[in-house]
Amino acid sequence: MDFYRRLALAGEAIPFGKVATYGQLALLCGRPRNSRQVGYALNRGMAGEKLPAHRVVNSQGLLTGAPAFDTPDMQKWLLEGEGVEVKDGKVDLKKYGWHNTMEEAMALKECFDRLGI
DNA sequence: CCTTTGACCAACA
DNA sequence: TTGTTGGCCAAAG
């Protein structure tokens, strides 16, 4: 099982205009307790270049990774550019949170199985 | 082998 | 509703 390879795939599945949480991604990768490693991976670009890191926030909707971008408000701009409103450095997860459907979860699992990871 | 360090999180006061 | 606390776990030193 390769956590980081899975993370790359799961991350690419985050829809435009939506955000996912670190814990949620860890869960999709089959490692519910590895939320910290998700942040770690994003910080080092270990999860592939295609992963939209700006769509990842913490469980309270806070843009905790913002300082790691080229400029501190880059993440905010990118999100607003997708129609996601950012208030006080936070997003409303009820509105913009990625509620992954069973189909999406299954598609991911299938993807993992197919790649043997 | 330790020990320290995080883009975390749920529970609790 | 905001702080704090203890738990988490892979990397790096």
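So that the names make sense, note that chain A is the first sequence line, chain B the second, and so on, each numbered from 1. Just so we're clear, the structure is a prediction, and the values are computed from it rather than from any experiment.
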> Between C1' on B/dT5 and CZ on A/R36, what's the gap in Å once rounded to a whole number?
8 Å
> Quickly work out the A/N58 CG to B/dA10 C1' distance and round it to whole Å.
12 Å
> Would you call A/D2 and A/R6 a salt bridge, using N to O less than 4.0 angstrom?
no
> To the nearest Å, give me how far apart CE (A/M74) and P (B/dA7) are.
18 Å
> Answer yes if the side chains of A/Q37 and A/Y4 hold a donor-acceptor pair under 3.5 Å, and no otherwise.
no
> 5' to 3' on DNA chain C, which nucleotides open and close the contacts with chain A (atom under 4.0 Å from a heavy atom)?
C/dG7 to C/dA12
> When you measure from the side-chain N and O atoms of A/S59 to the phosphate of B/dC9, is any distance below 4.0 Å, counting only OP1 and OP2?
yes
> Is there a donor-acceptor pair under 3.5 Å between the side chain of A/Q75 and the backbone N or O of A/T64?
no
> How is A/A26 classified with respect to the nucleic acid when contacts are heavy atoms under 4.0 Å: base, sugar-phosphate, or nothing?
nothing
> Using 0.5 Å steps for rounding, measure from the CZ atom of A/F16 to the CD atom of A/E82.
4.5 Å
> Strictly below 4.0 Å: does A/T21 bring a side-chain N or O up to OP1 or OP2 of B/dC8?
no
> So which of A/R55, A/K50, A/R5 actually passes salt bridge (Lys or Arg N to Asp or Glu O under 4.0 Å) with A/E12?
A/K50
> Nearest 0.5 angstrom please: A/C111 SG to A/I117 CD1, how far?
7.0 Å
> Would you mind telling me which residue lines up with the more 5' stretch of DNA chain C, A/M46 or A/R33, judged by nearest nucleotide?
A/R33
> Whole angstrom is fine here: how far is it from CG in A/L25 over to C1' in B/dC8?
12 Å
> In whole Å, what is the span from the CG atom of A/L27 to the C1' atom of B/dA10?
14 Å
> Would you kindly give the CD-to-C1' distance between A/Q60 and B/dA10, to the nearest whole Å?
10 Å
> Scan A/N34 against the nucleic acid and name what it touches under 4.0 Å (heavy atoms): base, sugar-phosphate only, or nothing.
sugar-phosphate
> Contact class for A/R31 vs. all strands (heavy atom < 4.0 Å): base, sugar-phosphate, or nothing?
nothing
> I'd like to check A/L25 versus A/N34 (side-chain heavy atoms, cut-off strictly below 4.5 Å). Are they in contact?
no
> Pick the nucleotide of DNA chain C nearest each of A/S35 and A/Y40; which residue has the one closer to the 5' end?
A/S35
> If I take atom CZ in residue A/R44 and atom P in nucleotide B/dG6, what distance separates them, rounded to the nearest angstrom?
9 Å
> Roughly, in whole Å, what's the span from CG in A/L78 to C1' in B/dA7?
15 Å
